[in-house]
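Below, read A as the first sequence line, B as the second, and so on, with proteins coming before strands; counting in each chain starts at 1.
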Number of protein chains: 2
Amino acid sequence: MNKTYSISELAGEFDITTRTIRFYEEKGYLCPKRAGTRRIYTPADRTSLRLILRGKRLGLTLDETADMIKMYGSPRGNQKQLEKFIVRIGEKRVELEQKQKDLEVMLSDLSNVEAKCHVALANVVNSN
Amino acid sequence: MNKTYSISELAGEFDITTRTIRFYEEKGYLCPKRAGTRRIYTPADRTSLRLILRGKRLGLTLDETADMIKMYGSPRGNQKQLEKFIVRIGEKRVELEQKQKDLEVMLSDLSNVEAKCHVALANVVNSN
DNA sequence: CATTACGTTTACGTTAACGTAAAGTAATGT
DNA sequence: ACATTACTTTACGTTAACGTAAACGTAATG
């Protein structure tokens, strides 16, 4: 049951336009098979698309996300290359952990405002 | 000791260009005082800039970040407005929590790759 | 068999977020 | 006095990430 997808199926599922999907292909971030002229997407293509959109939500550029997707392959190379690769992974981790910290602060700020809101709301309701 | 900052001081501190700071002002996201023609930034301005850059790191647009900064003021309005506001806060929270989930998955993926890397490295080193 | 639905390519348009360059002003050191 | 340094405004340029429109193919459906 190796399912496949049409472009509009994927567009519907991820709530994006077909233009966006074609754009990603145009730039080399997707390479679907073809049935004649029509694009046929495999589950692997679908996964790639999901990773791209995940990166986008986190403010990564398409190139940055593509880099990360490449990293997810089985690591190859000699000792030097592997060591360099591990360094790169570490840099990415630092970057993502910074985002985590930013998110925590933002969410805590949001909670503070919400609490103030509830107080203000209680005051408004009680002043009748 | 109400310190103030010049534009290049802030640019240096946050590792951005003065053009970027002027651009934010041009678009209304900053409103520094002036000493003659020169811009003078208060600690409050500096905080605004920090919030803007934090939003940027998380992939928010300047408008989205500006909205959030506005939210941080003391909540005002009648009951209806406050209730609407609380809903908006909830929506923002959902958005940010999605980003948190995305980050966790990405970081765990990174850890997996790194582990594979160390295995590959051990194999390379041992195959002498 | 015409129409509706879905797909295709090609190509120009748009927006956000700055970059870059020119040309001028104001304070500061030598 | 003058050169350097930091700041200013104005204005055009650039890039990523799509939007939008035209013009066409194909396949199923009433």
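Judged purely by atom type and a 3.5 angstrom limit, B:E97 has no side-chain atom pairing as donor or acceptor with the backbone of B:V94. Side-chain atoms of B:K99 never come within 3.5 Å of backbone atoms of A:L103 as a donor-acceptor pair (strictly under, hydrogens ignored). Using modelled atom types, no side-chain atom of A:S8 and backbone atom of A:A11 make a donor-acceptor pair closer than 3.5 Å. Remark: the backbone N or O of B:N78 is paired with a side-chain donor or acceptor of B:Q81 at under 3.5 angstrom.
Within a heavy-atom distance below 4.0 Å of DNA chain D, no residue of residues 4-12 of chain A is found. Of all the residues in residues 40-71 of chain A, A:K56, A:T61, A:L62 reach under 4.0 Å from DNA chain D with at least one non-hydrogen atom.
Inspection of the B:D45 and B:S48 side chains reveals no N or O donor paired with an N or O acceptor under 3.5 Å. Checked by atom type, the side-chain pair B:S108/B:S111 shows no donor-acceptor distance below 3.5 Å.
Between B:Y41 and B:S6, the shortest heavy-atom distance links the atoms CD1-C, 4.0 Å. A:Q79 and B:V124 get closest at one heavy-atom pair: N-CG1, 4.0 Å. Shown here for A:T65 and A:G55, the closest heavy-atom pair between the two residues is OG1-CA, 3.6 Å.
Taking a cutoff of 4.0 Å between a charged side-chain nitrogen and a carboxylate oxygen, B:E64 and B:K92 do not qualify as a salt bridge.
Residue A:F23 has its side chain nearest to D:dC18 when only C:dG7, D:dC18, C:dC18 are considered.
Separating the NZ atom of A:K33 from the P atom of C:dT8 is a distance of 16 Å, rounded to the nearest angstrom. Atom pair B:E26:CD and D:dC12:P shows a separation of 13 Å (rounding to whole Å applied). Atom CD1 of B:I21 is separated from atom C1' of D:dA6 by 14 Å (rounded to the nearest Å). Atom CZ of B:R39 and atom C1' of C:dA26 are 15 Å apart (whole Å). Rounding to whole angstrom units, OH of residue B:Y29 and C1' of C:dA17 are separated by 10 Å.
By the neighbour-count criterion of 12 heavy atoms within 6.0 Å, atom NZ of A:K80 is sparsely surrounded, having that number or fewer from other residues, nucleotides or ligands.
For the OP1/OP2 pair of C:dA17 and a distance below 4.0 Å, the side-chain nitrogens and oxygens of B:R22 include no atom meeting the criterion. Within the structure, a side-chain polar atom (N or O) of B:R34 is placed less than 4.0 Å from OP1 or OP2 of D:dT9. At least one side-chain nitrogen or oxygen of B:Y24 sits closer than 4.0 Å to the OP1 or OP2 atom of C:dC18.
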Enumerate all atom pairs, one protein N or O and one N or O from nucleotides 20-28 of chain D, separated by less than 3.5 Å.
unit_1, atom_1, unit_2, atom_2, d
D:dT20, O4, A:R19, NE, 3.1

